[in-house]
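Please read the structure below before turning to the comments.
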2 protein chains.
Amino acid sequence: MDDFKSIGTHLKSLLDDLVINLHTQLNNAGFPEIRPSHGYIFQYINEEGSRITELAGHAKITKQSMSALVYQLEDWGYLKRAADSRDKRGVLFFLTDKGISLQNMSRQINYDFERQWESRLGIANYQKFRENLQKLCISLK
Amino acid sequence: MDDFKSIGTHLKSLLDDLVINLHTQLNNAGFPEIRPSHGYIFQYINEEGSRITELAGHAKITKQSMSALVYQLEDWGYLKRAADSRDKRGVLFFLTDKGISLQNMSRQINYDFERQWESRLGIANYQKFRENLQKLCISLK
DNA sequence: AAATATAGTAAGGATGGCTGACTTTACAGC
DNA sequence: GCTGTAAAGTCAGCCATCCTTACTATATTT
């Protein structure tokens with residue numbers, strides 16, 4: 001019945017489920033201002049400090065767009081900035097304690113959600129699915 | 001090295017590759033005005049005619065958003081409208097010949113792109129991946 | 001006949017992207 | 001040391017895609 005659906009539709013459907021679950025739970029947990037696009041930052045930010053350009057590159061969006069997202073998170077207390085001692089042009093951003101706890105909570109929420117998928121496919125099958133997905137992404141680099 | 005990446009990142013990466021490929025090729029083939037969100041319509045439209053509300057429901061966007069997309073495709077000659085004889089409130093939309101040929105081209109482009117993924121994973125493995133993906137979507141309904 | 005539901009439109013706002021032009025700083029070659 | 005180029009960010013302004021709220025017109029149910 002759903003056979004006519006394309007792979008694109010399936011991928012989008014799965015991704016949407018994940019994202020909606022995450023942000024519904026974050027909202028309920030008292031983080032209503034965090035939106036999907038802020039996820040780029042929590043995904044890619046580095047303990048040694050990350051710069052706008054670097055984050056934008058990973059997220060594949062412009063520096064300007066990334067800049068706006070980062071400044072919001074800074075305003076809300078999830079990030080703090082520091083001058084880059086080796087390059088006066090750059091600004092380094094770090095997660096605050098609040099940022100780290102949000103990052104951990106997000107990971108836990110997604111981890112728990114994946115366990116639901118796992119129980120649908122069975123552990124071995126889900127493992128296989130994960131591996132195949134990862135292979136497709138890596139080889140596409 | 002990419003191990004830290006979450007499943008969400010992987011899904012998004014794969015989906016982006018597919019969508020970028022499709023729209024790059026459509027662009028080159030002389031359909032520059034078609035954007036990713038128009039895909040909803042080509043994906044879900046019915047031979048017997050589809051209505052705004054019905055399409056919006058499948059795409060999980062509002063009637064207003066779908067309305068705007070449908071009117072664009074109508075302006076560009078991909079869709080034609082007809083009154084619904086059984087319900088004067090409704091409007092039925094159909095693909096024109098131009099719309100059908102775009103739909104066919106899109107399917108072919110995505111089909112060809114999937115063959116690249118298939119050759120990366122091997123046919124049996126890719127088949128398995130496809131099945132698992134589909135299972136996850138169906139059971140989520 | 002009245003109440004309610006449904007199809008679609010209208011207006012306006014939030015979000016998430018983009019481009020182009022700009023400043024400041026870094027670096028490489030002469 | 002100059003000079004030219006590149007790189008990090010910012011600012012301004014644009015567009016697309018979604019949303020909410022409110023509305024009209026038609027159907028349906030009671």
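Basis for what follows: all heavy atoms, side chains included, without hydrogens, waters or symmetry-related copies. Lettering follows sequence order; numbering is per chain, from 1.
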Item to complete: Look at all strands and tell whether Ser67(A) reaches a base, only sugar-phosphate, or nothing, counting heavy atoms closer than 4.0 Å.
Response: sugar-phosphate
Fill in: Sugar-phosphate only, base, or nothing, as touched by Ser37(B) at under 4.0 Å among non-hydrogen atoms
sugar-phosphate
Worksheet, complete the sentence: Closest non-hydrogen contact found for Leu69(A) with Arg35(A) is CD2-NH2, 4.3 Å
Fill in: Among Glu54(A), Lys80(A), Glu74(A), side-chain contact (heavy atoms from CB on, under 4.5 Å) partner for Phe93(A)
Glu74(A)
Discussion item. By nearest heavy atom, map Lys60(A) and Phe93(B) onto DNA chain C; which one lands nearer the 5' end?
Written reply: Phe93(B)
Discussion item. For Ser6(A) versus Gln43(B), what's the shortest heavy-atom pair and its separation?
Written reply: OG-NE2, 3.1 Å
Item to complete: Nearest whole angstrom, please: distance from the C1' of dG16(C) to the NE2 of His23(A).
Response: 13 Å
Worksheet item: What's the NZ-P distance between Lys63(A) and dG17(C), to the nearest Å?
Response: 17 Å
Worksheet entry | Where protein sits on nucleotides 24-30 of chain D, one letter per nucleotide: B base, S sugar-phosphate only, - none, heavy atoms under 4.0 Å | -BBS---
Worksheet item: Does Arg51(B) have any side-chain hydrogen bond (donor to acceptor under 3.5 Å, both in side chains) partners at least two apart in sequence or in another chain, and if so, which?
Response: none
Item to complete: Scan Thr62(B) against the nucleic acid and name what it touches under 4.0 Å (heavy atoms): base, sugar-phosphate only, or nothing.
Response: base
Worksheet item: Within this structure, what is the CD1-to-C1' distance between Ile61(A) and dT15(C), rounded to whole angstrom?
Response: 12 Å
Practice prompt. Measure the distance from CE on Met66(B) to C1' on dA10(C) and round it to the nearest whole Å.
Written response: 18 Å
Worksheet item: Gln64(A) has an atom CD; how far is it from atom P of dC14(D), in whole Å?
Response: 16 Å
Worksheet item: What integer distance in Å separates Arg81(B):CZ from dA7(C):P?
Response: 16 Å
